[in-house]
Amino acid sequence: MLEIENVTKNFGALTAVDNVSFRLGDTTISGLIGPNGSGKTTLFHLITGFYKLDTGNISFLNRKIDGLPPHIISRKGIVRTFQQTRVLPFLSTLDNLVAAAPGQLGENILPLFFRPARVAKEEAENREKALSILETLGLTKLRSTPAGDLSYGQQKLLEIGRVLMADPKLIILDEPTAGINPTLIRHLVTILENLAEQSVKIFLIEHNMPLVTELCDKIFVMDSGSLIFSGTPAEVHNNPRVIEAYLGREKDAAEA
Amino acid sequence: MKKFVFSTIAILFLISAGRVTAGDISVGSVTPLTGKLAVYGEGFQQAMLLAADEINAAGGIKGNSFKIVFEDNNSTSKGSVSAIRKLITIDKLPLIFGPASSSNFLAVCPIAEDNKIVLLAAESAAASISKCGSYVFRVFPSDLLQGVGVAELTKSLGYKEVVLTYVNNDWGVGLAEVFKTEFTAAGGKIIDELPHAEGKTDYRSEILRMKSQHPKAIVNLTYIKEGATILKQAYEMGLKVQWLMGSASKSAKLIDLAGKASEGVIGTYPTFSQETPQYKSFKAAWEKKYPGKKTPVFGEYNYDMVKLTALALESASSNSSDDIREALLKVSKGYIGTTGDKSFDENGDVNASYGQWTIKDGKISDYK
Amino acid sequence: MTGYYTQLIVNGIVAGSIYALFAVGLAMVYGVFKFINFSHGELITWGGYLALMFSSPPIALPLYLAVIPALLLTVGIGLAQDCFVFRPLRQSNPISILIASIGLSYLLRNGIRLFWGSDLQSFNLPLSTGIIFGDIYITRIQILMVLSALLFFSILYFLLTRTLLGKSLRAVSDNIELSSIMGINMRKVTWTIWILASVFAGSGGILLALDTSLDPMMGMNSLIKAFAAVLLGGAGNIWGALVGGLFIGITENLSVAFISPDYKDFISYGLIFILLLIKPRGFFGIAGGVR
Amino acid sequence: MDYLYHILIIALIYSIFAQSLNLELGFTGLYNFGHIAFFGIGAYASALLSLSGVPIPVAALIAIGLAGIAGAFLALPTLRLSGDYFGIATLVFAEMVHLLFLNERDITRGPMGLPNIPRPDWIGTGVTSLPLLLAVVFFAAAVTFILLRIITNSPFGRSLKVIREDEFVAQALGKNTFLIKTKAIVTGSAFAGLAGVLWAHYITYISPSDFTLQETILVLLCIVLGGKGTHWGPVIGAFSIIFFAEFIRFIPIPSEYTRFVAPLQGMIYGFILVIMMLKRPQGLISESRGQRTTNA
């Protein structure tokens with residue numbers, strides 16, 4: 001469904017993403033791994049339109065999406081989270097979710113005055129949906145707390161919830177489990193697996209290898225901006241280049 | 001919220017109640033004590049206070065002491081409107097001295113007219129003030145006269161072609177319009193015309209542009225601050241021309257600021273002889289009250305305005321605006337103040353003859 | 001006529017070098033702390049007024065000596081700004097800092113009005129015709145202005161490239177969080193920035209006052225141009241500030257030859273507007289992005 | 001009483017103006033330092049049209065529309081700029097508009113200003129018109145308050161806040177942030193235009209010096225003091241500031257000291273801004289954090 005062809009992105013002299021090509025087929029949950037600075041997040045920014053690519057093509061459901069602004073890409077069904085959590089701190093937990101509902105009529109000014117009933121109905125439906133997502137996330141009790149007051153892990157969950165609210169076709173998660181405790185990780189895994197059953201595709205960056213192995217059907221490995229390998233978790237574990245990419249770094253780090 | 005508003009209002013009225021004490025006869029004054037015109041406002045105020053002191057020393061008005069309630073207008077029209085509303089409603093004053101600067105004056109005109117309050121101006125020159133209404137008077141001659149004066153001066157000096165520059169505000173533009181009409185009608189030619197912004201510190205580009213026209217004379221209708229800066233910078237840039245200026249820059253302050261660059265400037269001003277006993281006594285009183293201070297621009301007009309007002313209040317049959325207005329018209333007939341004859345015409349304007357001033361040896365003197 | 005244009009360009013360079021002096025302090029503060037300091041203009045004004053105070057009775061120091069306490073006090077104001085307002089606000093949201101700096105600017109400007117009045121003031125320097133090169137006139141003060149700007153920028157260049165302090169300063173403006181982890185003495189760097197910014201602004205203010213005159217709005221008026229210089233040069237970039245300052249000075253002066261001088265400011269503003277639109281991140285753009 | 005009417009009218013006009021800026025600054029997080037331009041455009045447009053014989057209500061509506069269009073004109077090119085850059089662009093825009101008022105003398109009469117701006121016949125010009133004027137201005141302020149309250153309490157208002165809190169998140173959630181911000185600026189500008197219209201027909205004389213950066217700072221102070229991003233904040237701020245300014249007139253000060261009053265007042269305003277940011281950045285009223293912000 002997502003095709004990436006010969007994508008390159010330079011920052012000045014630095015090539016962050018170097019001629020990367022791959023496609024996300026029918027795989028339900030795919031992972032993207034690689035050492036720090038290997039260009040994973042940059043690639044996510046390119047897919048979601050936050051960075052403009054220098055060369056190459058990206059298409060989604062057979063339509064070209066590179067060059068489109070982020071909000072259009074989001075409306076086409078690719079919804080993302082960010083590496084560092086980005087909740088809306090002043091808004092309540094519930095509003096964080098309701099705000100994410102796509103295509104709200106009430107987000108235009110005129111319908112507020114000319115079709116208030118319709119806006120109110122839509123708002124009620126969105127609230128209903130948001131409440132049920134809060135239920136799933138286990139955050140119901142915190143619905144009127146400002147999102148900025150939630151714990152880090154809860155904020156991560158809320159971000160996932162926000163993505164769910166947006167009716168995505170493909171979810172892009174940038175390190176969803178970084179910095180949260182094991183109990184919450186299990187909770188998250190359950191949520192993601194449930195999602196996968198509802199035919200939503202997931203593409204995630206993750207450093208937690210056991211988790212990646214458990215969740216993902218297919219794994220892509222990046223190093224220094226290039227895609228060096230792709231395959232099933234088992235294949236990845238046994239691939240010498242991948243091991244070298246990781247171990248090499250660790251060796252360097254140990255010597256430094 | 002409500003509590004806050006009401007308590008503020010309550011405090012406002014509480015304080016205002018004791019403001020004008022019995023036994024006083026008060027008039028109001030909207031004066032630019034702050035803001036960009038504060039340079040002048042302080043001088044106006046001092047001149048007015050000088051006159052008030054003299055009036056009180058001479059026994060006040062009908063045995064009551066005379067008082068001027070000053071309200072600052074921050075040199076803006078918004079401030080002027082607030083100030084005059086306060087003077088009219090809270091202090092209930094029948095006569096008010098209007099703010100300097102024609103644009104501020106024009107903003108308060110309709111209010112005075114609507115409330116039938118006598119409004120006097122001592123330095124607002126815009127021609128349109130004549131049309132303000134029957135309660136508005138000014139002891140300062142209209143621009144119309146001054147523009148004609150400058151045009152005549154230019155002609156009499158034999159300049160057929162001049163560069164015209166003026167401060168880009170209501171006063172400058174109004175004056176320049178009159179000058180242009182008069183000068184071109186008499187066969188003069190304006191080679192280049194450029195306004196300069198008010199209150200800047202660098203006019204070199206404007207001067208260069210004037211210089212590039214190689215004029216023999218430049219008519220520069222501007223204020224002290226702007227005038228001094230232009231003269232100084234022109235001097236530094238080697239622009240040697242005859243500068244012709246208006247009355248607003250006729251001040252010792254101009255010489256202070258521009259030094260020898262101001263030497264030789266010729267200008268016009270609504271003339272009044274400095275040899276009259278009225279002027280001499282003003283000058284003496286000024287030096288006594290404010291030793292070491294030079295008489296401010298338009299100070300004499302402010303002084304005359306207050307003196308004339310006192311006369312009108314003295315002769316008015318009551319303290320109502322209408323009576324004061326009547327009295328003012330009456331006492332002004334043939335009144336000779338520091339600045340000459342102050343007889344009001346039907347528009348509330350005074351006549352004036354224009355004299356010529358020049359700067360010689362670092363002093364302002366009459367140009368003959 | 002060529003003399004006319006040359007003279008306009010010369011004037012532009014003089015004006016521009018002063019804008020650049022103002023801009024560089026703004027740029028340094030922006031570079032490290034990432035906010036636009038509205039009260040920077042007041043450092044300019046205070047510099048000028050303080051020099052006037054020390055050079056006129058009752059203190060009446062000769063001008064070249066009066067500059068020293070004036071600059072010291074300006075630096076004091078700069079450091080006080082940081083100490084009492086900006087340091088406590090460092091973790092606040094950007095709009096709070098911006099509003100606080102607007103408030104500070106208003107406070108300091110009205111302080112000038114309180115002490116010296118709104119009246120125009122000037123140093124009573126002996127007046128003389130400028131020095132003539134061909135048909136170009138330039139005054140001694142103007143030469144001093146350009147030379148000082150050159151000197152200040154050379155010193156700054158040396159400081160930034162040749163000294164340890166300069167290196168840590170540059171590191172900090174690249175990444176403030178990383179630098180504090182790397183063991184750079186943040187307090188020292190902060191002080192340096194404010195001292196440099198105040199000295200540049202104060203000296204520029206004194207020079208500008210010597211060249212023209214003093215009024216409470218002088219800082220605010222020059223500040224808009226300095227902002228423009230910073231933005232044109234790329235925020236946080238010191239050399240950009242120099243180029244931006246000169247560019248604005250020359251453009252606005254040259255424009256007078258072609259359009260009415262009333263629109264002199266209009267042209268430089270319009271230019272800022274257009275250039276911002278074409279190059280939203282200035283001439284020397286810095287890579288920005290999401291994280 | 002006239003004086004009280006006058007203060008109330010001025011305070012109400014400023015409360016409209018402050019509310020309109022609050023929509024941009026408080027709710028959307030747009031640092032618009034050129035807001036006075038739209039106040040000025042509204043005032044000039046309505047004054048010029050009504051002086052040339054257009055019926056006043058029509059002139060007022062056109063003027064409000066023009067202010068809104070001018071808002072779009074500012075928004076379209078500048079909204080791509082990030083925070084500080086946008087602030088400078090708006091500041092510069094306002095200075096340019098000011099210079100146009102000052103120098104396009106054939107249209108605006110330049111520094112001479114526009115005197116004798118008419119008022120509707122049923123209001124009239126005399127002293128007796130003040131209570132009626134107050135009623136009209138109060139009505140306008142109330143309408144502004146209600147409309148802006150509906151707008152900000154809606155899903156639209158929520159997306160404004162989403163943009164304020166995190167524009168990237170808004171984009172990632174499919175919000176067309178550019179369009180939404182443009183709408184906020186157009187709406188804010190139109191209401192600023194309304195305030196300008198009321199101002200012009202109340203004072204009946206306008207000149208370019210009424211529309212300067214100074215006024216933007218004053219209205220910024222109103223918002224910050226009252227509480228940005230709240231409904232009552234700008235209103236309370238406007239009333240506090242206007243009443244405070246008038247209150248100072250009643251402190252008996254010997255005339256030789258009056259020249260210190262305005263600088264001190266300015267210093268106090270500046271000090272309040274700084275102290276508010278240090279001690280209570282949310283203003284007198286704080287924006288309700290959390291809770292449900294929508295009821296549409």
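The chains referred to below are lettered A, B, ... by the order of the sequence lines, with proteins before strands, and numbering in each begins at 1. What you are looking at is a predicted structure, and each value in this text was computed from that prediction instead of being measured.
Against chain A, the residues from residues 170-179 of chain D that qualify, each with a non-hydrogen atom under 4.5 angstrom away, are D:Gln171, D:Ala172, D:Leu173, D:Gly174, D:Lys175, D:Asn176 in number order. Of residues 180-192 of chain D, those residues with a non-hydrogen atom less than 4.5 Å from any non-hydrogen atom of chain A are, in numerical order, D:Lys183, D:Thr187. At a heavy-atom cut-off of under 4.5 Å, chain D is reached by A:Arg162 from residues 153-170 of chain A, listed in order of number.
Taking every heavy atom of both residues into account, D:Pro155 and A:Gln104 meet most closely at CB-OE1, 3.3 Å. A pairwise comparison of heavy atoms in D:Ser154 and A:Gly106 identifies OG-O, 4.0 Å as the closest pair.
In this structure, A:Tyr152 places its OH atom where more than 12 heavy-atom neighbours from other residues, nucleotides or ligands lie under 6.0 Å away. Crowding of A:Glu135 atom CD: a count of heavy atoms from other residues, nucleotides or ligands under 6.0 Å not exceeding 12. Other residues, nucleotides and ligands contribute at most 12 non-hydrogen atoms within 6.0 Å of the CZ atom of D:Phe73. Applying the 6.0 Å contact sphere to CZ of A:Arg23 captures no more than 12 heavy atoms from other residues, nucleotides or ligands.
Rounding to the nearest 0.5 Å places CZ of D:Arg158 at 10.0 Å from CG of A:Asn96. Remark: D:Ser159 OG to A:Leu88 CG distance equals 11.0 Å, nearest 0.5 Å.
Here the side chain of D:Glu165 pairs a donor or acceptor atom with the backbone of A:Phe90 at under 3.5 angstrom.
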Report the C-alpha separation of A:Phe113 and D:Ile151 in whole Å, then their side-chain angles, then the decisive distance to 0.1 Å, and conclude whether the side-chain contact (heavy atoms from CB on, under 4.5 Å) test is met. CA-CA 9 Å; A:Phe113 299 102; D:Ile151 288 174; 3.8 Å; yes
Expected list for residues 52-59 of chain A: side-chain donor-acceptor pairs under 3.5 angstrom, two or more places apart:
residue	atom	partner	partner atom	Å
A:Lys52	NZ	A:Gly49	O	3.3
A:Asp54	OD2	A:Asn10	N	2.6
A:Asp54	OD2	A:Asn10	ND2	3.3
A:Thr55	OG1	A:Thr8	OG1	3.3

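Comparing A:Ala101, A:Pro102, A:Ala100, A:Pro111 by heavy-atom pairs within less than 4.5 Å of chain D, the highest count is held by A:Ala100.
Of the atoms belonging to D:Leu147, heavy atoms from both backbone and side chain fall under 4.5 Å from chain A.
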